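As the structure is a prediction and not an experimental result, all values here were calculated from the model. Lettering of chains follows the sequences in order, A, B, ..., and the numbering in each one begins at 1.
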Amino acid sequence: MHDIRAIRADPAAFDRALARRGLPPASADILAHDEARRASLAAVQERQARRNAIAREIGRAKRSGADTSALEAEALTLREEIAALEAEAQAAEARLTHALERLPNRLDPEVPDGPDESANVVLHVHGTPRPAEGARQHFEIGEALGLMDFARAAKLSGSRFAVLSGALARLERALAEFMLERHTQANGYTEVSPPLLVNDAAMYGTGQLPKFAEDLFRTTDGRWLVPTAEVPLTNLVAGEILEAAALPMRLTALTPCFRAEAGSAGRDVRGMLRQHQFWKVELVSITTPEQSEAEHERMTRCAEGILTELGLAWRRVFLCGGDTGFASARTYDLEVWLPGQGAWREISSCSNCRDFQARRMNARYRPAGGKGTEFVHTLNGSGVAVGRALIAVLETFQNADGSVTVPEVLRPWMGGAERIG
RNA sequence: GGAGAGGUGCCGGAGCGGUCGAACGGGUCGGUCUCGAAAACCGAAGUACGGGUAACCGUACCGUGGGUUCGAAUCCCACCCUCUCCGCCA
């Protein structure tokens with residue numbers, strides 16, 4: 001959500017920021033609603049003050065037995081005026097909110113310009129990509145091992161699901177535990193086991209609603225399946241006023257993620273790269289505005305560390321304006337090299353949302369020594385997507401005989417096994 | 001799911017429909033006292049919106065949303081949540 005005061009102060013800057021997202025100017029419309037709202041609000045408050053004064057006077061008069069009929073008559077007309085003006089104010093406020101809540105966050109000035117992913121900027125490459133020649137794709141490897149089954153998954157659930165069994169099921173769990181271990185023991189994150197079904201308010205807070213409902217699964221009782229643990233973790237502080245000493249808060253969670261994948265029909269249909277359900281270890285930080293930029297770098301490095309330790313080739317990509325997500329001001333994607341596919345594919349996305357989500361969910365803190373409250377900054381990043389890590393491990397460490405070498409860091413969770421198959 | 005009780009400020013806990021943004025107690029912060037501390041005493045302190053350069057003024061907020069009333073923390077309705085008992089259940 002945007003700060004209406006900032007828009008008032010510099011509408012042109014606001015429109016320029018929208019243009020970087022490829023969106024038309026909106027400030028004129030917004031400011032018109034804002035002015036209408038403030039005008040009726042002032043009128044309402046003026047009459048409320050008068051009404052309160054009259055009510056007090058009637059109270060006094062009644063006790064002294066005086067006649068109050070004239071006062072009551074005036075109050076009655078005031079009541080009608082207030083009701084009408086209040087309706088106006090609410091309508092204007094609703095129009096204002098409707099306009100504001102659909103606009104994406106302002107981009108950091110450093111975000112590269114560009115309409116889509118083709119304009120993203122590669123900042124850093126780590127490791128040597130294994131040549132694609134002769135490399136098989138993860139589903140070929142998994143199916144040949146008899147440990148990855150899409151036909152049976154389709155029988156149970158339809159397309160975009162997978163069944164893993166035996167060593168692959170264990171590998172998936174090993175990856176997740178390895179990640180959690182690093183983030184909780186080395187990186188200072190607190191593990192959380194959150195609800196996976198959340199209400200409208202939570203989805204609104206992180207920005208999935210109202211615009212992106214079609215990407216979500218909804219339960220019959222009106223709740224939503226979380227598309228990422230970012231939603232429950234970030235909303236943990238919704239509506240709260242935190243002490244500055246409590247910041248930064250660093251939270252991590254291993255959860256399934258559910259995504260409807262509407263609009264991606266036909267994309268990545270083979271294998272388990274794009275599923276309706278996948279596991280992910282998420283990182284969320286709640287910080288002060290002063291801390292958030294450094295925290296963003298720190299978080300990204302925590303995610304990178306996982307890929308490095310696994311021995312995967314990865315690169316950090318600075319998303320351009322057109323590719324940066326709705327709630328984010330600045331996003332780094334981590335892409336892992338998939339030899340089987342011969343392509344870099346997203347495995348993590350680390351975003352600094354600044355105060356955008358905090359405003360939506362009204363999450364604040366008390367600055368040390370200062371007065372009043374400020375909105376916190378929220379950040380989230382995958383640390384990392386477990387399913388895609390599994391794919392990368394299979395494709396990177398596949399052997400000519402069809403087996404897969406288990407990365408050393410995972411062996412403690414694999415009963416010491418050095419290879420699968 | 002059924003029956004009952006309840007949701008008030010940082011916490012506990014009052015609150016005949018009018019003088020309640022809210023008694024009282026605790027905690028917190030500042031001060032007095034003290035070599036220092038404790039105790040005691042005095043004082044301060046909610047959040048948001050609107051107006052104003054500012055001091056400040058106004059409005060709203062006692063789970064949420066409606067309603068009754070000249071006036072609602074207080075009355076009525078719906079919903080949400082918590083607790084107790086019963087049923088069901090991993």
Query raised in the report: So how far is it from A:R354 CZ to A:N105 CG, rounded to the nearest 0.5 Å?
Result: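 So the gap between those two atoms works out to 8.0 Å.
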Query - Rounded distance [0.5 Å steps], CD in A:E140 versus CD in A:Q398 - result: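 The CD atom of A:E140 sits 8.5 Å away from the CD atom of A:Q398.
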Could you work out the separation of [N] and [M] based on their [atom1] atoms and round it to a whole Å?
| N | M | atom1 | value |
| --- | --- | --- | --- |
| B:rU64 | B:rU53 | C1' | 39 Å |
| B:rC61 | B:rA72 | P | 9 Å |
| B:rG17 | B:rC75 | P | 7 Å |
| B:rG6 | B:rA60 | P | 29 Å |
| B:rG4 | B:rC11 | C1' | 27 Å |
| B:rC16 | B:rG9 | C1' | 23 Å |
| B:rA14 | B:rG7 | P | 9 Å |
| B:rA22 | B:rG46 | P | 10 Å |

Atom [atom1] of [X] and atom [atom2] of [N]: how far apart are they, to the nearest Å?
| X | N | atom1 | atom2 | answer |
| --- | --- | --- | --- | --- |
| A:L41 | B:rC57 | CG | P | 19 Å |
| A:E46 | B:rU59 | CD | C1' | 12 Å |
| A:I4 | B:rC49 | CD1 | P | 12 Å |
| A:Q90 | B:rA60 | CD | P | 14 Å |
| A:D200 | B:rU64 | CG | C1' | 14 Å |
| A:Q45 | B:rG58 | CD | P | 12 Å |
| A:E240 | B:rA48 | CD | P | 15 Å |
| A:F375 | B:rU47 | CZ | P | 13 Å |

Query raised in the report: Can you name the nearest heavy-atom pair linking A:N380 to A:M299, along with the distance?
Result: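 The answer is C-SD, 3.5 Å.
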Strictly below 4.0 Å: does [X] bring a side-chain N or O up to OP1 or OP2 of [N]?
| X | N | result |
| --- | --- | --- |
| A:R38 | B:rU59 | no |
| A:R8 | B:rG50 | yes |
| A:N52 | B:rG71 | no |
| A:T373 | B:rA48 | yes |

Describe the nucleic acid contact of [X] in one word from base, sugar-phosphate, nothing, applying a heavy-atom distance below 4.0 Å.
| X | value |
| --- | --- |
| A:R47 | nothing |
| A:L71 | nothing |
| A:R37 | sugar-phosphate |
| A:R223 | nothing |
| A:A55 | base |
| A:I58 | base |
| A:R79 | base |

[N] pairs with which nucleotide, Watson-Crick or G-U wobble, both distances below 3.5 Å?
| N | result |
| --- | --- |
| B:rU64 | B:rA78 |
| B:rA38 | none |
| B:rC16 | none |
| B:rG58 | B:rC49 |
| B:rA3 | B:rU84 |
| B:rG43 | B:rC29 |

Between [options], which nucleotide gets closest to the side-chain atoms of [X]?
| X | options | result |
| --- | --- | --- |
| A:A49 | B:rC70, B:rU59, B:rG51 | B:rU59 |
| A:Q48 | B:rA60, B:rA48, B:rC70 | B:rA60 |
| A:R364 | B:rC70, B:rA48, B:rG58 | B:rA48 |
| A:R51 | B:rA60, B:rC70, B:rG50 | B:rA60 |

Requested in this report: Using the six-membered ring of A:Y204, assess whether NZ or CZ of A:R360 lies under 6.0 Å from its centre and within 45 degrees of the ring axis.
Outcome: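 The answer is yes; both the distance and angle limits are met.
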Requested in this report: With A:R330 as reference, evaluate A:N352, A:D108, A:T324 under the side chain to side chain donor-acceptor pair (under 3.5 Å) test and give the passing residue.
Outcome: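 Of all the options given, the one that passes is A:D108.
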Query raised in the report: After noting the C-alpha distance and the side-chain angles of A:H2 and A:F356, does the key distance pass the ring-ring contact (aromatic ring centres under 6.0 Å, His included) rule?
Result: CA-CA 7 Å; A:H2 293 279; A:F356 186 81; 5.5 Å; yes
Report task. Give a yes or no on this: more than 12 heavy atoms of other residues, nucleotides or ligands lie within 6.0 Å of atom CD of A:E408. Result ->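 Check fails, neighbour count at 12 or below.
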**Report entry** 5′-ward residue of the pair A:R56/A:L76 relative to RNA chain B
**Finding:**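 It is A:R56, whose closest nucleotide lies nearer the 5' terminus.
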Query raised in the report: A:F258 and A:H276: aromatic ring centres closer than 6.0 Å?
Result: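 That pair fails the under 6.0 Å test.
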